[in-house]
Each structure stands twice: as C-alpha cells, then as structure tokens.
Amino acid sequence: MIPSPTATTAPLGAPTGAPAAATSDWWRSAVVYQVYVRSFADGNGDGQGDIAGIRSRLPYLASLGVDALWINPWYPSPMADAGYDISDHRAIAPEFGTLAEAEAFIAEAHEFGLRILLDLVPNHTSDQHPWFQRALAAGPGSPERARYIFRPGCGTDGEEPPNDWRSVFGGSAWTRVTEPDGTPGEWYLHLFAPEQPDLNWEHPEVRADVERTLRFWFDLGVDGFRIDVAHGMVKAPGLPALGPDADGPAGPATANHPHWDRDELHDIFRHWRAVADSYPEPRVFVAEAWVGDPDRLARYVRGDELHTAFNFDFLRAPWRADHLRTVIDQSCATLGAVGAPTTWVLSNHDVVRHVSRYGRPQPDRPVHMLAELTATAPDLELGTRRAKAAALLMLALPGGAYVYQGDELGLWEVEDLPEECLQDPTWRRSGFSDRGRDGCRVPLPWDGDEPPFEFGPADAATPWLPQPAAWRELTAAAQATRPDSMLALYRSALRIRRHHPALGDGTLRWFDSPDDVLIFSRDPGFICAVNLGTAPVPLPAHAGVLLASGPLDAGLLPPDTAVWLAA
Ligand code: TEU
Ligand code: CA
C-alpha cells in the first residue's frame with residue numbers, strides 16, 4: 001500500500017469555527033503560523049505585503065488548519081531592521097495599513113478560529129522613536145538620556161567605546177553621538193543595529209510604557225505576544241567587559257553573561273504575566289530566547305512567567321537521529337519539570353530555511369546560519385524529502401509547534417539574491433561578508449507561472465525581493481491540487497492533529513529501534529516513525545497508516561521518510 005497525503009476537505013473561503021482546543025490552555029497544543037507581513041501578500045500593490053494582503057488570505061490560513069497567527073512587527077518603523085526598529089509601539093506602519101484595518105483583521109481572524117499573537121520588542125526602540133530623539137537633543141546627564149544606555153567613552157578624549165560589547169549584526173555595540181552643541185559626545189548601546197538603541201530596563205518609565213503597550217493590544221483583542229530577544233533586556237550593573245569567547249553562535253557561552261540571560265529578567269516576566277492573567281480570557285506569551293542550555297530556557301516558562309518558548313535547540317539540530325532524540329528528551333524533561341509544554345520549530349525569519357539546511361551534508365553539531373553551512377549547493381530534492389519527514393516528526397511531538405510562512409510550501413533559502421537587493425543590516429555590518437537573512441524572507445508565491453506569482457494584484461509593483469522562477473512548482477495554487485505536495489501534507493497532518501486525541505500536549509514513549517530511526521508512541525493509539533538512515537526499515541506493528549511523508553516501499557519505511565500509524 002502506498003498511502004499518500006490527501007488534500008484537505010475543509011471548505012475554502014468559509015470560517016471554520018473555533019479551534020478544537022477552545023479552552024483557556026489552547027496554547028499548550030497550538031500550531032502557530034508565523035506571518036512575515038512584508039513578504040506574505042501584497043494587498044495594495046506597492047510590492048510589500050500588508051494587512052489587506054493577510055486579510056485576503058485568511059481562508060487559506062484557516063483551511064491550512066493552524067490555530068493561531070504570529071504577526072511579525074507591523075508598527076511604524078524606519079525599517080532599518082525590517083520593523084524590529086519601532087518608532088511607535090501602539091500604531092500601525094502606514095505601508096502595512098491602518099489601526100482600523102488591524103482591528104478588523106483581528107476580528108476576522110477570530111471568526112475564522114485563528115488566534116492572533118503580535119511581536120513585542122522590549123529590548124530597544126528605533127533611533128527615530130520620540131524618546132531617543134529627545135534623548136539626543138537633551139544632552140549628557142539629562143533625564144531623557146536615562147531611558148537609554150548612554151555612557152562617556154574611554155580613551156583620553158572619550159574616543160573609544162565604553163566597553164567591548166559587540167552588536168549581533170557585527171561591529172561594536174556602541175555608537176558615539178554628536179552633542180547638541182556640535183561636539184563629539186557620549187556613546188549609546190545597541191546590541192543590534194545602531195538604529196536600535198537599547199532601552200534602560202532599570203527605568204520605571206520604560207517598564208510602564210511596555211506594560212501600556214501590552215494592554216493597548218490586549219484591549220484590541222490580541223491573544224498574546226512573542227517576546228523579541230527575551231534574553232537581552234537586563235544588563236549587568238556597571239556594564240562589565242565581555243572578555244574573549246563569551247558568545248556562542250546562538251546564545252551566551254558563559255554563565256553570568258553581562259547582557260544575555262540574566263536572572264533579573266524574570267521579575268519583568270512575572271509582571272507581564274500578571275497583566276496577561278488579568279484578562280477574562282488570559283493572554284499568552286512565547287519567549288524568543290537564545291540561551292546556553294535547556295535548563296536556562298526552562299526558567300523563562302515557570303508557572304508565573306512566560307507560557308512557552310521557541311525551541312531553538314530543535315531548530316538547530318542537524319537531521320540526525322541521535323541529535324534530534326537528545327533534543328526531544330531534554331526539552332520534554334526540562335520544560336516538563338516546570339509544568340510548561342514543549343514547542344517545536346524548524347524555521348523562522350532569522351535562519352536558513354530548513355529545506356536548504358537539510359539538503360546539505362549534516363554536521364555533527366547544531367547549525368542555523370548560512371555561514372555555518374558547507375559552501376556546496378544544497379540538494380533541494382533531498383532537503384524537501386527531509387523537510388516533509390521533519391514536518392510529520394514535529395507535528396507528532398508533544399506540545400505546540402510553529403510553522404514559518406512558506407514552510408508549508410517547501411520554500412528553500414534563496415541564496416543567490418543579487419547583492420543590490422540585500423536589506424538585512426547584517427550584510428553591511430559584516431563588511432559585506434555575511435549575506436544575512438533576506439534569503440528566507442522572499443515574498444510567497446501564490447499562483448501563476450512566473451514571478452511575482454500573484455504576490456500582489458495584477459498591476460502591482462515588483463516585490464521587494466525577487467522570487468526564483470523555479471518557484472512556479474511551489475505556488476500555493478499548484479500545490480493545492482497535487483496530493484503529494486508539501487502543502488497537501490501539511491493540510492492532512494494538521495487536520496489529523498486537530499482531531500486525534502493523542503496529539504498536541506502530552507507525553508511520548510520511545511520504541512526500541514535502530515540507531516538512525518526514531519519511533520515513538522502517543523496515547524491513545526498513535527505511533528510516529530522516522531527513518532533518518534540510508535536503508536529502508538520495517539514499520540513497527542500497527543493497525544493502519546494514517547499519513548506518510550512520501551511513498552512507502554512495500555511495507556518498508558524508506559530513508560528520509562516519516563509515517564503516522566494507528567496503533
Ligand atoms: O532576533 C534576536 C536574535 O538574537 C537574532 O538576531 C538572532 O541571533 C540572529 O538573527 C541570528 O539567528 C530578534 C528578531 O527575530 C530579529 O529579526 C531581529 O533582527 C532582532 O531580534 C532584533 O530585534
Ligand atoms: Ca502593500
């Protein structure tokens with residue numbers, strides 16, 4: 001028997017009603033779809049995605065079968081870091097729409113049974129935020145400067161930065177300002193781009209303003225927030241030097257790091273949790289925290305702090321059974337110990353798309369950046385096969401999951417974007433050596449045979465990043481009618497997941513299996529098997545095939561294939 005995923009039967013274009021888990025702990029099992037606004041769908045034809053575009057595609061999202069949407073920053077921003085440089089936290093960027101449109105969108109999404117999470121960026125503002133503009137104008141020692149982290153420089157004339165901290169995007173984390181009288185003056189801290197000055201979280205007005213932002217959006221019906229750089233807000237008193245080798249590629253390599261993952265953060269989260277819990281239908285948080293180890297991550301999701309956290313250990317694991325099993329066990333154990341559900345994620349707007357990661361030789365260590373991958377071109381067919389298997393693995397694991405827009409279409413990293421198109425600040429700040437993250441942010445292909453694949457209306461401007469012509473095979477429309485497509489697989493898997501009592505929150509039990517095969521069961525009556533080896537393996541005893549990521553081979557599970565079985 002060769003089971004293949006079948007297309008969804010959910011009615012297109014009609015609200016599908018409330019999600020199955022319409023209880024207050026819906027978030028423990030939720031599949032959340034990440035909408036990168038700029039690249040999702042262009043409603044007004046200016047070449048950039050917008051709220052009108054998302055609204056027009058709500059039927060698609062509802063029929064995909066996800067439970068919630070996480071909307072990347074849609075606030076007014078000079079876009080020095082694609083919206084993570086915010087100049088007004090309680091408004092909508094004009095290029096994306098209006099506040100009225102946002103409100104209408106939230107209500108419509110709810111009618112489709114989709115909950116809405118927004119992005120909260122509490123670590124920094126834009127340098128165009130009125131607070132920062134006032135700080136520049138007010139001069140050294142002023143109360144306006146106290147909301148940020150200004151310091152005099154070192155060296156005889158203050159010409160050296162105050163310490164050795166580095167920007168995540170490359171170079172020093174400090175920029176010197178020119179004082180209102182025209183003289184070279186103080187330096188301000190920016191852990192990211194110079195256009196993203198870090199806020200001073202010791203300042204009561206900073207704390208109060210973020211709380212106001214939370215309430216503003218909660219009052220508009222938003223169901224929760226993803227917390228940007230949740231591990232970065234608090235800095236060690238005195239801003240001590242970093243010293244050599246303090247940062248790994250994905251988090252602090254040392255305990256007691258001067259600006260990542262500090263213990264004092266947790267007090268802030270407890271305040272936010274109280275705000276979220278004060279609503280009749282409690283609102284939820286997911287932490288974006290790149291920390292050194294799973295025990296540290298578990299601290300973010302203790303009962304009175306944030307609800308869930310992205311599982312970057314899973315995202316970074318190579319396509320190898322030993323690494324994946326270790327991450328799965330550690331995640332379940334450490335998060336379970338504090339009563340939090342695990343989550344799973346394969347890609348997002350900051351990392352190389354997993355089709356392109358898995359389509360390369362798999363290292364014996366975690367990986368997520370382009371620079372960490374071998375220079376060889378990816379085998380996209382292999383990467384796609386593995387991505388299908390990975391989707392079934394992820395959606396069978398206990399807890400919640402995140403799908404980055406385009407994962408469900410099997411999009412790959414666009415690694416050959418023309419240099420003049422690159423917009424990620426990493427490109428410039430790395431001295432043009434690291435191409436940055438634009439390759440995973442290319443606008444979605446919806447329909448048609450050539451770019452722009454109906455990303456916008458018929459006479460729209462060219463999308464802000466060019467799409468590969470080869471995406472004609474990957475448009476949502478092309479895949480909707482192909483039973484073996486990535487989209488069909490996601491739709492089938494999400495439909496089964498929503499109705500199967502074993503899936504979502506809970507526990508798993510491993511079966512004995514060869515070293516490069518993962519087999520586990522979930523109660524009641526569900527088995528997932530994934531073959532990460534090079535030879536076909538027999539299926540475990542079962543009562544029927546629910547779904548397979550590719551054709552089975554005379555009852556055997558081929559390499560790089562996953563299967564869901566009824567037990
Ligand atoms: O990312 C935080 C972060 O640490 C990432 O920059 C990550 O280390 C990097 O992308 C390499 O993977 C968040 C947002 O997701 C990112 O898009 C923003 O650029 C950043 O914060 C600053 O707000
Ligand atoms: Ca637009």
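Note that ligands are numbered from 1 as they come in the structure, with each ligand's atoms numbered from 1 the same way. Note that the structure is predicted; figures quoted are calculated from it, not measured.
- Remark: Glu305 pairs with His266, Arg270, Arg302 by the side-chain hydrogen bond (donor to acceptor under 3.5 Å, both in side chains) rule, at least two apart or across chains.
- Considering only residues two or more places apart in sequence or on other chains, Tyr33 meets the side-chain hydrogen bond (donor to acceptor under 3.5 Å, both in side chains) condition with Glu408.
- Between Tyr188 and the options Tyr148, Phe132, Trp174, a ring pair (Phe, Tyr, Trp, His ring centres under 6.0 Å) holds for only Phe132.
- Atoms of ligand 1 lying under 4.0 Å from any heavy atom of Arg441, numbered from 1 in the order shown and given with element: 17 (O).
- Separating the CZ atom in Phe310 from the CG atom in Leu297 is a distance of 11.0 Å, to the nearest 0.5 Å.
- Rounding to the nearest 0.5 Å gives a distance of 7.0 Å between CG of Leu189 and CG of Leu239.
- Taking a cutoff of 4.0 Å between a charged side-chain nitrogen and a carboxylate oxygen, Arg296 and Asp263 qualify as a salt bridge.
- Close approach of ligand 1 to Glu288 is summarised as follows: ligand atoms under 4.0 Å from at least one heavy atom of the residue are 1 (O), 2 (C), 3 (C), 13 (C), 15 (O).
- Atoms of ligand 1 found under 4.0 Å from any heavy atom of Arg437 (numbered from 1 in listed order, with element): 6 (O), 10 (O), 16 (C), 17 (O), 18 (C), 19 (O).
- Those atoms of ligand 1 that come under 4.0 Å of a heavy atom in Phe169, given as number and element, are 19 (O).
- Between Asp81 and ligand 1, at least one pair of N/O atoms sits closer than 3.5 Å.
- For ligand 1, the atoms lying closer than 4.0 Å to a non-hydrogen atom of His124 are 22 (C), 23 (O).
- Between Tyr60 and Trp446, the ring centre distance stays below 6.0 Å.
- Aromatic rings of Trp344 and Phe314 (six-membered ring for Trp) have centroids within the 6.0 Å cut-off, being under it.
- For ligand 1, the atoms sitting less than 4.0 Å from at least one non-hydrogen atom of Trp290 are 3 (C), 4 (O), numbered in the order shown with element in parentheses.
- Counting only protein N, O or S atoms, the number found under 3.0 Å from the Ca ion (ligand 2) is 5.
- For ligand 1, the atoms sitting less than 4.0 Å from at least one non-hydrogen atom of Gln196 are 22 (C), 23 (O), numbered in the order shown with element in parentheses.
- Residue contacts with ligand 1 do not include Arg316, since none of its heavy atoms lies under 4.0 Å from the ligand.
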Without placing hydrogens or testing angles, list every side-chain donor-acceptor pair under 3.5 Å for residues 420-429, not counting sequence neighbours.
from: Gln423; atom 1: OE1; to: Arg38; atom 2: NH2; distance (Å): 3.0
from: Asp424; atom 1: OD1; to: Thr426; atom 2: N; distance (Å): 3.1
from: Asp424; atom 1: OD1; to: Thr426; atom 2: OG1; distance (Å): 3.0
from: Asp424; atom 1: OD1; to: Arg437; atom 2: NH2; distance (Å): 2.9
from: Asp424; atom 1: OD2; to: Thr426; atom 2: OG1; distance (Å): 3.2
from: Asp424; atom 1: OD2; to: Arg437; atom 2: N; distance (Å): 2.7
from: Asp424; atom 1: OD2; to: Arg437; atom 2: NE; distance (Å): 2.7
from: Arg429; atom 1: NE; to: Gly170; atom 2: O; distance (Å): 3.1
from: Arg429; atom 1: NH2; to: Gly170; atom 2: O; distance (Å): 2.7
from: Arg429; atom 1: NH2; to: Ser172; atom 2: O; distance (Å): 3.1

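- Taking a 4.0 Å cut-off on heavy atoms, His190 fails to register as neighbouring ligand 1.
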Next on the checklist: Please determine whether side chain to side chain donor-acceptor pair (under 3.5 Å) holds for the pair Tyr84 and His349, giving the CA-CA distance in whole Å, both sets of side-chain angles, and the decisive distance to 0.1 Å.
Outcome noted: CA-CA 12 Å; Tyr84 282 94; His349 66 293; 3.3 Å; yes
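- A salt bridge links Glu211 with Arg215: the distance from a Lys NZ or Arg NE/NH1/NH2 to an Asp or Glu carboxylate oxygen falls below 4.0 Å.
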